[in-house]
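Worksheet for the structure shown next.
We count ligands from 1, going down the list as the structure has it; atoms in each ligand are counted the same way.
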Amino acid sequence: MSAYSRTPRPALWRAVIIGSAAAAAALLVATMSTGPTPARAADPTLHQLMVNKGRVYFGSATDNGELSDTPYTTILGSEFGSITPGNSMKWDTIEPTQNTFNFTKGDAIVTFAQAHNQIVRGHTLVWHNQLPGWVSSLPAASVQAAMENHITQEATHYKGKVYSWDVVNEPFNDDGTYRTSPFYNAMGTAYIADAFRTARAADPTAKLYINDYNIDGTGAKADAMYSLVSSLKSQGVPIDGVGFQGHLAVQYGFPTNMQANLQRFAALGLDVAITELDVRMVLPADSSKVATQNQYYTNVVNACIGVTRCVGITIWDYTDKYSWVPGTFSGQGSALPWDENLLKKPAYSAIAAALGLTSPSPSASASSSASPSPSASRSASPSPSVSPSASPSTSPNPGGGCKVVYAASPWTESAGVGGFTANITITNTGSTPISGWSLKFSLPSGQTLTQSGWSATYAVSGQAVTATNVSYNSAIAAGASIGIGFNGRWTGSYTSPTSFTLNNVACS
Ligand code: G3I
């Protein structure tokens, strides 16, 4: 392990353009974070490699206690495009006593994400575990109202701040039967559809997921999830994605037909994502176990990249220093791509290589900052589908007024070449609701979309981009905001678009 060394972090540029009808002016703010000078400009992060594959993010779980560990947060904030709170948005943290909500810990995760241009996977609204005692003690007749209240309060609080929600977590036993819980016991399987409808009503923009473990490969549990999700879709329940946790173990073999399994869910018209990936082993580690672990990480990345609608991969924290595994599986661990000293392991190199980074030998790659393969890092990849668009019943915005905040995090891979993630917040500053919208802007010369983005349908003609609402965010109430985004590539030098129209009304 001592052979591993830390890879220098690339400098991160941030550019923010704020357009405001009231101010009738555009403000460009560009800052450059300070940090170690990169050994070479071409060190891509896992997130950048994932974006280059046309996907939305490569992410990590994290927790509040870890945010005071500066070496840890330096990597967390720069290597990943998405973070998931490991505990701080769970029921016992958010609503420890009935109708008393404490968002402090979850807010701290969101604040970190926003400061590092990361999206947040909200985890989780309804789960049998980490439930405060008062929920289990409720009479059955009171459970539905309590569940709906919890979802409404939490999803409303984080509206516009989370990319997705794990609305229902782990509904099945391993044999594919439904797991008992206060929710199942009170409402039967109907609690699931009710939870999704309640979440959508509270936050029309967040992508809504169901999430479970041991569904990564085909089998009884994955079949049960497939039947459930098929049924939810056919009933019109607002579900956008399925999360495959990916808690794997070297000693249990790799999930059967993982890519084909992901693909059948995607074929239902859903996004899929690997949401909690780790690959544990019985300690001590040896070369054989490490080789198997490397292969499993490679296999997972290949399975995701092989499915166009696999939007992202999240590892369940990135370092063995903060892994949940040793505390739960005595004598097991070493599950993550960074070791306890925050040094990259061969698993990191396996992931990076599967995402297109030139892969030296495991020992060398784990200790060096390998360059990306130019062809892999620059190639435009197939785009994941986005949610189906509503008929674009765009209407003028008679109340006038819109504000657009375009927050981009571009990176440089080699001289004059790089990628970027753009998160766009649209605010209706007028006095009347907007019903159906199209946002138009021009990408600067040399920029392209590599991925069809999230929370809007994107049409590109030359440099002109039109982002049209999807069904669940067509309405923007007076004073309300919605968030959309996409990933792209730039050549030359990076600049952000400078003017926007919403339904052909200038926002600045
Ligand atoms: O915060 C208390 C602390 O005050 C107390 O001193 C300490 C004593 O044990 O416990 C602390 O709480 C722990 C909590 O993590 C925060 O660290 C709990 O004991 C511990 O059980 C809890 O474990 C979490 C586990 O979910 C609970 O089920 C893990 O951190 C978290 O990574 C894990 O995540 C789950 C996903 O949500 C769902 N999928 C499986 C995954 C792994 O189990």
Among all the protein's heavy atoms, is there at least one whose distance to [atom] comes out below 4.0 Å?
atom: atom 20 (C) of ligand 1; result: no
atom: atom 10 (O) of ligand 1; result: no
atom: atom 16 (C) of ligand 1; result: yes
atom: atom 33 (C) of ligand 1; result: yes
atom: atom 6 (O) of ligand 1; result: no
atom: atom 3 (C) of ligand 1; result: no
atom: atom 26 (O) of ligand 1; result: yes

Q. Among Phe329, Trp316, Trp324, Tyr322, which one has a heavy atom closest to atom 43 (O) of ligand 1?
A.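 Closest candidate by heavy-atom distance is Trp324.
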Q. Where the closest heavy atom to atom 35 (C) of ligand 1 is concerned, which of Gln130, Met89, Glu66, Lys90 has it?
A. Lys90
Q. Heavy atom under 4.0 Å from ligand 1: found in Thr124's side chain, backbone, both, or neither?
A.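 Contact part for Thr124 vs ligand 1: neither.
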Q: Please state which part of Tyr213 comes within less than 4.0 Å of ligand 1, counting heavy atoms only: side chain, backbone, both or neither.
A: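 Under 4.0 Å from ligand 1, Tyr213 contributes no heavy atoms.
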Q.
For Tyr72 together with Tyr318, are the ring centres under 6.0 Å from each other?
A.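 Ring centroids of Tyr318 and Tyr72 are less than 6.0 Å from each other.
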Q: Report yes or no: is the cationic atom of Arg121 (NZ for Lys, CZ for Arg) under 6.0 Å from the centre of the six-membered ring of Tyr163, at an angle within 45° of the ring normal?
A: no
Q) Taking the six-membered ring of Tyr213, is the NZ or CZ of Lys221 close enough (under 6.0 Å from the centre) and on axis enough (within 45°)? A) yes
Q) Would you say Lys105 has more than 12 foreign heavy atoms packed within less than 6.0 Å of its NZ? A)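 No.
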Among protein heavy atoms, which lies nearest [atom], and at what distance?
atom: atom 38 (C) of ligand 1; result: Glu170 OE2, 3.2 Å
atom: atom 40 (C) of ligand 1; result: Glu276 OE1, 3.2 Å
atom: atom 28 (O) of ligand 1; result: Asn129 ND2, 3.1 Å
atom: atom 24 (C) of ligand 1; result: Asn87 OD1, 3.4 Å

Should the pair [X]-[Y] be classified as a salt bridge under the 4.0 Å nitrogen-to-oxygen rule?
X: Lys90; Y: Asp166; result: no
X: Asp69; Y: Lys321; result: yes
X: Lys345; Y: Asp320; result: yes

Q. What distance separates Leu277 CG from Ile351 CD1, expressed to the nearest 0.5 Å?
A. 6.5 Å
Q.
Just verifying a value: how many Å separate Arg264 CZ and Leu268 CG, rounded to the nearest 0.5 Å?
A.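 Arg264 CZ to Leu268 CG: 9.0 Å, rounded to 0.5 Å.
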Q | Derivation of the side-chain contact (heavy atoms from CB on, under 4.5 Å) call for Trp338 and Glu79 | A | CA-CA 12 Å; Trp338 276 257; Glu79 185 76 36; 3.7 Å; yes
Q | Among Met147, Glu154, Gln153, side-chain contact (heavy atoms from CB on, under 4.5 Å) partner for Ile151 | A |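 Among the candidates, only Met147 passes.
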Q: Give yes or no for whether the N/O distance cutoff of 3.5 Å, strictly under, is met between Asp63 and ligand 1.
A: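 It does not: no N or O of Asp63 is found under 3.5 Å from an N or O of ligand 1.
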Q: Any atoms of ligand 1 less than 4.0 Å from a non-hydrogen atom of Asn169? List them with their elements.
A: 38 (C)
